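First the structure, in the form of structure tokens, and then the observations on it.
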Amino acid sequence: MANKYINIYAGNPTAGGTDGTAVSTGDTEASPVSVTLNASNAETAIVKCALRCNSGYNTSGNTVITFTGISTAKWQVAADNNYADATAAAAATFASTLTISTSIAATNTIVWLKALSSTDESPANDTTADLQVDTTVVAG
């Protein structure tokens, strides 16, 4: 289920566009951000996502992206710097939190997510991390 004001989109969204697949909200896990990693190789994966308000709304003030849940240390976020793809985005500065100070409106604002694995992990379908967006949305 999507939020009626602002959503996260996956599926290689286009900067400034309105494409992408809305990531599920709450615990529905109907359309999560998903990656497959080989922990024995300590693999990482970078996923292009976007934030976008529904038509007629935009953010006011800072938008803060964080992770909540048990395995939050396995996820990081970075701002877009017009990266052409995930390989280029690997040069970004990833952190546990990202603050976006520009307004997010009805077109895609790109962010990059990084999933990490480590060799001490057993094979698992880990659903213990949630992406959280904290912002003020206004009509406009």
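Because the structure is a prediction, the values reported are computed rather than measured.
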Tell me which donor-acceptor pairs under 3.5 Å the side chains of residues 127-134 have, and how far apart each pair is, sequence neighbours excluded?
residue: Thr128; atom: OG1; partner: Ser71; partner atom: N; Å: 3.3
residue: Thr128; atom: OG1; partner: Ser71; partner atom: OG; Å: 2.7
residue: Thr128; atom: OG1; partner: Asp126; partner atom: OD1; Å: 2.5

Residue pairs, two or more places apart or on separate chains, that pass salt bridge (charged side-chain N to carboxylate O under 4.0 Å, His left out) and touch residues 71-92: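 Non-adjacent pairs meeting salt bridge (charged side-chain N to carboxylate O under 4.0 Å, His left out): Lys74-Glu121.
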
With sequence neighbours left out, what residues match [X] under side-chain contact (heavy atoms from CB on, under 4.5 Å)?
| X | value |
| --- | --- |
| Ala42 | Thr119 |
| Ala105 | Asn58 |
| Asn81 | Tyr83 |
| Ala86 | Ile46, Trp112 |

Less than 3.5 Å apart, which donor and acceptor atoms pair up between the side chains of residues 13-22 and the rest of the protein, not counting sequence neighbours?
residue: Thr14; atom: OG1; partner: Asp19; partner atom: OD2; Å: 2.8
residue: Asp19; atom: OD1; partner: Thr14; partner atom: N; Å: 2.9
residue: Asp19; atom: OD1; partner: Asn108; partner atom: ND2; Å: 2.9
residue: Asp19; atom: OD2; partner: Thr14; partner atom: N; Å: 3.3

Hey, what else clusters with [X] if you join Ile, Leu, Val, Met, Phe, Trp, Tyr whenever side-chain heavy atoms sit under 4.5 Å?
| X | result |
| --- | --- |
| Tyr9 | none |
| Leu116 | none |
| Val138 | none |

For a side-chain contact (heavy atoms from CB on, under 4.5 Å) with Val47, tell me which candidate from Val33, Asn12, Val111 qualifies. Val33

N/O donor-acceptor pair under 3.5 Å between Thr59 side chain and Ile104 backbone: yes

With sequence neighbours left out, what residues match Thr66 under side chain to side chain donor-acceptor pair (under 3.5 Å)?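 So Thr66 forms no side chain to side chain donor-acceptor pair (under 3.5 Å) with any residue.
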
With sequence neighbours excluded, tell me which residues meet side chain to side chain donor-acceptor pair (under 3.5 Å) with Asn82.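 Testing Asn82 for side chain to side chain donor-acceptor pair (under 3.5 Å), a comparison that skips the adjacent residues, returns none.
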
Of the non-hydrogen atoms in Lys4 and Tyr57, which two are nearest, and what is the gap between them? O-CE1, 4.4 Å

